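Okay, so here's the structure we're looking at.
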Amino acid sequence: MHKATSKFEDTVFIEGLSFLASIGVFDWEKQFEQKLVLDLELSTDTRPAAASDDLNLALNYAAVSELVINLAQSQHHDLIETLAEKIASQLLHNFNTQQVSLTLRKPSAVPAAASVGVKITRQRQEPTL
Ligand SMILES: Nc1nc2c(c(=O)[nH]1)N=C([C@H](O)[C@@H](O)CO)CN2
């Protein structure tokens, strides 16, 4: 996955987070939920957690997963681009990370394809001095 410059050089990742969500541009897609699969990388500094052996000092992947699923299931989204952008924005806002890279797949969208989706990388906007 793309790795841009970040002051945090370590990564917490989640692979293959699978959940159902109401997603799609067509009317028939608004009648039921479809499977989405997310791969996620969050930049972090793992040393404080490692030194203390304290979950409170770690970027908690369980809490990240819960936020993602709650967000995806909170309302209908037409485009996976919209949901991907919201996930990145919420993670940058709610967790101590400088950069989020994610791949969001909609495996049942194109029957002839193994999967389709989007990959994005977003960084926290630092205030300019
Ligand atoms: N770039 C995208 N292309 C398409 C999307 C999307 O979210 N992003 N969505 C659809 C339909 O919802 C499709 O999944 C139905 O099969 C089409 N193209």
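We count ligands from 1, going down the list as the structure has it; atoms in each ligand are counted the same way. All values derive from a computational prediction rather than experimental measurement.
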> Quick one: nearest non-hydrogen protein atom to atom 8 (N) of ligand 1, plus distance?
Replying inline: Glu81 OE1, 2.8 Å

> How about atom 2 (C) of ligand 1: does it have a protein heavy atom within less than 4.0 Å?
Replying inline: yes

>> Using a 4.0 Å cut-off to any heavy atom of Gly24, which atoms of ligand 1 qualify?
In response: 12 (O)

> What protein heavy atom sits nearest atom 9 (N) of ligand 1, and how far off is it?
Replying inline: Lys106 NZ, 4.3 Å

> Testing Asn96, Val64, Asp45 for side-chain contact (heavy atoms from CB on, under 4.5 Å) with Leu59, which one passes?
Replying inline: Val64

> What's the shortest distance from atom 7 (O) of ligand 1 to any protein heavy atom, and which residue and atom give it?
Replying inline: Ile80 N, 3.0 Å

> Do Val116 and Val118 sit in the same hydrophobic cluster, where Ile, Leu, Val, Met, Phe, Trp and Tyr count as joined when their side-chain heavy atoms come under 4.5 Å apart?
Replying inline: no

> Does atom 17 (C) of ligand 1 have a protein heavy-atom neighbour under 4.0 Å away?
Replying inline: no

>> Any salt bridge linking Lys119 with Asp39? Criterion: basic side-chain nitrogen under 4.0 Å from a carboxylate oxygen.
In response: no

> By number and element, which atoms of ligand 1 are closer than 4.0 Å to a non-hydrogen atom of Ala109?
Replying inline: 14 (O), 16 (O)

> Heavy-atom distance under 4.5 Å between the side chains of Leu42 and Phe8, does that happen here?
Replying inline: no

> Which of the atoms of ligand 1 are close to Glu29, meaning less than 4.0 Å from one of its heavy atoms?
Replying inline: 11 (C), 12 (O), 13 (C), 14 (O), 15 (C)

>> Testing Ile87, Ile14, Val68 one by one against Leu102 for a side-chain contact (heavy atoms from CB on, under 4.5 Å), which residue passes?
In response: Ile87

> So with a 6.0 Å cut-off around CG of Asp54, is the heavy-atom count from everything else above 12?
Replying inline: yes

>> Using a 4.0 Å cutoff against the non-hydrogen atoms of Phe26, which atoms of ligand 1 qualify?
In response: 11 (C), 15 (C)

> How far is atom 4 (C) of ligand 1 from its nearest protein heavy atom, and which residue and atom name does that atom have?
Replying inline: Leu79 CD2, 4.9 Å

> Is it the case that more than 12 heavy atoms not belonging to Lys35 sit under 6.0 Å from its NZ atom?
Replying inline: no

> For ligand 1, which atoms have a heavy atom of Val25 less than 4.0 angstrom away?
Replying inline: 11 (C), 12 (O)

>> Can you confirm whether Gln125 is buried at CD, in the sense that more than 12 heavy atoms of other residues, nucleotides or ligands lie under 6.0 Å from that atom?
In response: no

